[in-house]
2 protein chains.
Amino acid sequence: MAQKVAREIALRVPASCRPKSAKDYEKSPITESIEEYTEGVYRLQEELDEVGTGDIAKYMSCTSASVTTMLKRMSDLGLVEHTPYQGVRLTEKGEALSISLLRKHRLLECLLVDFLQLPWDDVHDLACKLEHYISEEVADNISKALGSPVTCPHGNPIDATTPVTGRRLSDCVPGETVRISKITDERPEFLTYIKTIGLLPKTVVAVQSRTPFGDVLTVQIEESSESLPIGRDVAGSIWVYGEKYPEANRN
Amino acid sequence: MAQKVAREIALRVPASCRPKSAKDYEKSPITESIEEYTEGVYRLQEELDEVGTGDIAKYMSCTSASVTTMLKRMSDLGLVEHTPYQGVRLTEKGEALSISLLRKHRLLECLLVDFLQLPWDDVHDLACKLEHYISEEVADNISKALGSPVTCPHGNPIDATTPVTGRRLSDCVPGETVRISKITDERPEFLTYIKTIGLLPKTVVAVQSRTPFGDVLTVQIEESSESLPIGRDVAGSIWVYGEKYPEANRN
DNA sequence: CCAAAAATTTAGGCACAACTAAAAAATTGT
DNA sequence: ACAATTTTTTAGTTGTGCCTAAATTTTTGG
């Protein structure tokens, strides 16, 4: 009663939440998609010597044709150098953007796991989305609130410029005892799998055997023994610390 | 060194982060924009008796033409009932969506202010964006982690179905002493302003005077005295608890 | 009550970013 | 070395959601 009257009202959606019009793209042409592509190229560059249109298409789950169009835009924005029919390489600007996004991504994962108690194998997707919307300042505050963590819950460095140390579990030889450092493949199904077998960061495992043609690695975790395929998507995305070549295996 | 070799790689962007194609919209046609519009209609319905295309256009800072197109889509999705040239009304489905979004929004604001220590007058915009990306489960976890707060930092109920109590500061009369309950206008500039004069939720203020034509209200906050325009966008969006008509003012 | 003003809708167009299909370039195999 | 295959690019289409301009409906005022 006498509550709803006036016509003029100040309620407004924040400009940042308003759907974009053609004009808005002129002002800030770096869209969420462009960011996602840029970060994708960074991640792929960490795994591959050269990144091609097809690699990005696989990463983004889209057609090569779509990638070509995007690469044109990214190139115009100075994020990548693209030589048609050759490959892509991030520019300094593109690299800086990726590093910033990875920092936000990994700090968000820390927040989601450490403070909000969300499942370790589940937070990657959400962080992937949220990373585009938080500012450096918000990231700073997350870091402060959590006591300045240095890695995400999967062991990856919050500061992506940290030099790579350790090596892949797939490069280990029988007889070695190593400690899991990080998991670079963060697909939920994969993380759920390695969680159930107990391959979490900081776990110590002993490499037991490796099949003749080098396809399967057997590792001992705690009391049990597990077999893993060697390849980019399993033992290759699990990184470890530990002695490189134990005496027993020197020729 | 033997680090980058393989071609086949498992790295994939999560489906939820991939830019949408035409096909994707068929599967989940409720876009972020649709959500933002729906929530907007809810907010406007709380302030106005009837909500028209123009009201929404002001709220979204876009043209009425754009609103008409969106209302068509929202109507097709069963979120609103729209009678052309008349007005809009949320359906139960639209209301449920709004209530869910408001809960996420306000819990996010709690997280941003209480845990991440972000400025009180600054978190609304960010929460407005993030609310579209978190699930009910994430919202539940935020609530748990923060000890089940019942209002956002601006005093608005996390459960939007909470019956409205209290009244507007603009409806108070000289002589009353009231306690600020909530601020419904969350534009940063406005919040910054009322923060500097100390009009935060839970503050007790005394209404001192009101100009003859009812345009300006003078209130005493702590030691100082402030004048506020009466209208939807200032004293009208500040809600208070307190005795309705103090004895002194009964005719 | 009818004309002027205001609000709303229709019509036509644009940018983003996906898609398919077809053309062009690069790589591979004999 | 040249034909076949693979990879990449070009061309043309779709859907979202904005815009402007014009047409329509509703409201307001003489």
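Chain A is the first sequence line, chain B the second, and so forth, proteins listed ahead of strands; every chain is numbered from 1.
Look at A:S64 and you won't find any side-chain N or O under 4.0 angstrom from OP1 or OP2 of D:dT7.
The CE atom of B:M74 sits 15 Å away from the P atom of D:dT16 (whole-angstrom rounding). Atom-to-atom, CD of B:E35 to C1' of D:dT16 comes out at 15 Å; the value is rounded to the nearest Å. As rounded to whole Å, 14 Å separates atom C1' of D:dG17 from atom CD of B:E36. Distance CD1 (B:I30) to P (D:dG17): 11 Å, rounded to an integer number of Å. For the pair B:H132 NE2 and D:dT16 P, the interatomic distance rounds to 18 Å; values are reported in whole Å. Rounded to whole angstrom, the span from the CZ atom of A:R73 across to the C1' atom of D:dT9 amounts to 15 Å. In this structure, A:H82 places its NE2 atom 8 Å from C1' of D:dT8, rounding to the nearest Å.
Across all strands, A:T69 comes closer than 4.0 Å to no nucleic acid atom at all (heavy-atom distances). Counting non-hydrogen atoms under 4.0 angstrom, A:T68 reaches a base of the nucleic acid. Here A:T53 lies in heavy-atom contact (under 4.0 Å) with sugar-phosphate atoms only.
Between the side chain of A:D122 and the main chain of A:P119, no donor-acceptor pair closer than 3.5 Å is present. Without hydrogens or angle criteria, B:S143 side chain to B:A139 main chain gives no donor-acceptor distance under 3.5 Å. The backbone N or O of B:A96 sits nowhere less than 3.5 Å from a side-chain atom of B:S100 that would complete a donor-acceptor pair. At distances below 3.5 Å, at least one donor-acceptor pair connects side-chain atoms of A:T68 with backbone N or O atoms of A:S64.
Checked against a 6.0 Å centroid threshold, the rings of B:H124 and B:H105 count as neighbours.
Residue whose closest nucleotide on DNA chain C sits further toward the 5' end, between B:V67 and A:Y25: B:V67. Where B:E26 and A:P84 meet DNA chain D, the nucleotide closest to each residue was compared, and A:P84 sits on the side nearer the 5' end. Mapping B:P29 and B:Q86 onto DNA chain D by nearest heavy atom places B:P29 at the nucleotide closer to the 5' end.
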Side-chain donor/acceptor pairs under 3.5 Å, residues 87-95 of chain B, sequence neighbours excluded:
residue : atom : partner : partner atom : Å
B:T91   : OG1  : B:G78   : O            : 2.6
B:T91   : OG1  : B:L79   : O            : 3.0
B:T91   : OG1  : B:K93   : N            : 3.4
B:T91   : OG1  : B:G94   : N            : 3.1
B:K93   : NZ   : B:L77   : O            : 2.9

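The salt bridge (charged side-chain N to carboxylate O under 4.0 Å, His left out) test with B:R43 singles out one residue from B:E39, B:E46, B:E47, and that residue is B:E39.
In the region residues 17-24 of chain B, proximity to DNA chain D at under 4.0 angstrom, judged on heavy atoms, holds for B:A22.
A parallel orientation is assigned to the rings of A:F115 and B:F115, their planes being inclined by less than 30° (bins at 30° and 60°). The aromatic rings of B:Y133 and A:Y133 sit parallel to each other, their planes meeting at less than 30°, with 60° as the upper class boundary.
Nucleotides of DNA chain C that come within less than 4.0 Å of any heavy atom of chain B span, from the 5' end to the 3' end, C:dT8 to C:dT20.
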